Protein chains: 2
Amino acid sequence: MLEARLSQGSLLKKIVEAIKDLVQDANFDCNDNGISLQAMDSAHVALCSLLLRSDGFEPYRCDRNLSLGINLNSLSKMLKCSGNDDVITLKAEDEGDKLTMLCESTAQDRLSEYELKLMDIDSEHLGIPDQEFDCTVKMSSSEFARIVRDLASINESVTISATKEGVRFQAAGEMGKGSILLKPNGSVDSNAGQGTSIRLSEPVMVSLSLKYLNNFTKAAPLSETVTLNITNDVPVLIEFAVGEIGYIRYFLAPKINEEE
Amino acid sequence: MLEARLSQGSLLKKIVEAIKDLVQDANFDCNDNGISLQAMDSAHVALCSLLLRSDGFEPYRCDRNLSLGINLNSLSKMLKCSGNDDVITLKAEDEGDKLTMLCESTAQDRLSEYELKLMDIDSEHLGIPDQEFDCTVKMSSSEFARIVRDLASINESVTISATKEGVRFQAAGEMGKGSILLKPNGSVDSNAGQGTSIRLSEPVMVSLSLKYLNNFTKAAPLSETVTLNITNDVPVLIEFAVGEIGYIRYFLAPKINEEE
DNA sequence: CTTGTTCGAC
DNA sequence: GTCGAACAAG
């Protein structure tokens with residue numbers, strides 16, 4: 001059986017909000033290492049990968065590998081029934097067909113329990129290569145969200161180009177064009193909340209769908225910063241940390257007709 | 001060429017929001033004195049006149065008179081891409097077909113540049129007489145907005161009448177009627193932010209469309225105060241100051257069937 | 001096109 | 001904290 005107690009239940013709420021617009025149904029794979037999820041969006045364009053390490057839960061117990069098929073919309077509705085300060089415990093029997101969610105309000109005068117029916121979901125296993133990228137940009141997640149939203153009013157795609165001088169976001173459409181340049185002012189490895197940092201071995205330039213990027217920025221409430229990992233002509237990896245306990249990663253293939 | 005740097009970019013955002021619901025496309029006329037715009041609404045009922053004096057910009061440069069045809073909806077979208085604290089610089093070449101907007105975020109680690117395609121717009125030149133009015137009411141712009149919004153739920157038009165005793169806004173409709181009386185407590189010439197002041201040579205009474213007045217009050221964020229300039233049977237002039245650098249004026253013809 | 005939700009303003 | 005407006009989803 002699975003039993004995983006998360007003291008910061010709001011993390012779970014934010015995670016589901018960050019995924020549910022991209023993926024309808026997905027398997028939460030639970031094992032000794034933690035809980036993970038991989039899924040593609042319905043158009044099979046973007047890929048989303050979630051990891052919550054076991055040591056982020058206290059306690060965490062998972063005797064046997066479980067694959068919990070969950071409708072994310074239902075889970076989202078259920079999580080809306082929990083308070084932001086609640087401690088949430090997830091439980092599932094080995095052969096059960098339901099996920100149990102226990103919410104303890106921190107004031108401890110309230111204990112709620114919800115059950116979600118599980119589904120059978122075909123999980124094409126997605127081999128996600130663990131690759132190196134030519135360029136890694138670390139920046140404020142809210143600023144990234146702002147840029148993506150702004151440029152979406154100009155065109156459907158954005159060209160992101162990075163050199164050691166900075167990272168530039170450009171879009172051009174019917175009514176005109178827009179270009180935002182962020183200059184680096186920190187190290188990728190530092191935890192400085194503000195500012196932009198760039199590490200690169202090669203200058204890169206990719207063109208990406210703003211609709212998908214906008215979807216990805218639903219994860220911005222999870223983390224102050226986001227990292228953009230870019231190599232020309234391969235899918236970009238956009239990662240948001242989930243507190244100290246894991247991450248959400250999005251992969252998106254660049255558009256073929258890049259602006260040059 | 002034109003180059004005009006406005007340290008308070010938010011003014012430009014508010015100006016465009018104050019005009020765009022009334023006018024789709026308009027020419028921004030740039031010359032040595034500054035930037036101005038005159039346009040009628042699509043129904044040719046109301047007239048809007050904007051002036052931004054050159055000394056409100058630093059620097060301001062305009063070698064040659066330019067008429068920049070702009071779709072205000074597009075301009076609004078572009079301006080939404082700028083931060084409220086940004087410094088905005090407008091640039092246009094003498095023979096160019098685009099307006100360039102440069103946004104410097106005050107933190108200065110972010111520089112964005114937007115280009116807006118210009119249009120050819122027939123500008124019927126609008127002779128706006130520089131007239132004296134029988135009555136000038138100066139009042140809080142937010143209070144004016146509130147009154148206009150409230151009365152709009154009662155009827156389509158409002159009767160404004162002013163004597164030296166005060167200014168009265170009245171509407172009567174199916175469900176009942178409303179009347180708001182503001183008593184003067186200051187001088188029109190003083191800069192007292194609060195309160196209402198009236199200067200008149202003749203008592204006046206006009207009936208005006210609340211739909212249009214509601215449109216005009218989009219300019220309220222620009223200025224604490226508004227002046228209503230009224231003479232019976234001629235278009236009223238409603239003026240909002242744009243910071244220290246200019247104004248937006250709206251002209252609206254009174255309805256013929258005044259309530260008596 | 002309508003509704004619900006979220007964000008920002010007062 | 002309440003309200004309204006803009007935005008996104010069905």
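Note that the structure is a prediction, hence the values are computed from the model and not measured. Throughout, a chain's letter reflects where its sequence line sits, starting with A, and its residues are numbered from 1.
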Pairwise salt bridge (Lys or Arg N to Asp or Glu O under 4.0 Å) hits with a residue in residues 142-161 of chain B, at least two apart: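 Sorted result for residues 142-161 of chain B: B/Arg146-B/Asp150.
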
For B/Asp21, side-chain hydrogen bond (donor to acceptor under 3.5 Å, both in side chains) partners two or more places apart: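 Here the qualifying residues are B/Lys218.
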
Set of residues satisfying side-chain hydrogen bond (donor to acceptor under 3.5 Å, both in side chains) with respect to A/Lys177, sequence neighbours excluded: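 Expected list: none.
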
How long is the line joining [atom1] of [X] and [atom2] of [N], in whole Å?
X: A/Arg146; N: C/dT6; atom1: CZ; atom2: P; result: 20 Å
X: B/Asp21; N: D/dA6; atom1: CG; atom2: P; result: 8 Å
X: A/Gln24; N: D/dG10; atom1: CD; atom2: C1'; result: 12 Å
X: B/Arg149; N: C/dA9; atom1: CZ; atom2: P; result: 16 Å
X: A/Asn214; N: D/dA9; atom1: CG; atom2: P; result: 9 Å
X: A/Lys77; N: D/dG10; atom1: NZ; atom2: P; result: 10 Å
X: B/Asp85; N: C/dG8; atom1: CG; atom2: C1'; result: 14 Å
X: B/Asn84; N: D/dA6; atom1: CG; atom2: P; result: 14 Å

B/Phe144: partners by ring-ring contact (aromatic ring centres under 6.0 Å, His included), with sequence neighbours left out: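 Per chain and number, B/Phe144 pairs via ring-ring contact (aromatic ring centres under 6.0 Å, His included) with no residue.
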
Shortest side-chain distance from B/Lys80, nucleotide among D/dG4, D/dC7, C/dA9: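 Among the listed nucleotides, the one closest to the side chain of B/Lys80 is D/dC7.
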
Shortest side-chain distance from A/Lys218, nucleotide among D/dG4, D/dA9, D/dC7: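 Within the option list, the nearest is D/dA9.
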
Watson-Crick or G-U stems involving DNA chain D, each at least 3 pairs long, distances under 3.5 Å, ordered by first number: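 Output for stems: C:1-10 with D:1-10.
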
Would you give me the side-chain donor-acceptor pairs under 3.5 Å for residues 239-249 of chain B, sequence neighbours excluded?
unit_1   : atom_1 : unit_2   : atom_2 : d
B/Glu239 : OE1    : B/Arg249 : NE     : 2.7
B/Glu239 : OE1    : B/Arg249 : NH2    : 3.4

B/Arg5 with B/Glu104: basic N within carboxylate O range, under 4.0 Å: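 Yes, charged N to carboxylate O under 4.0 Å.
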
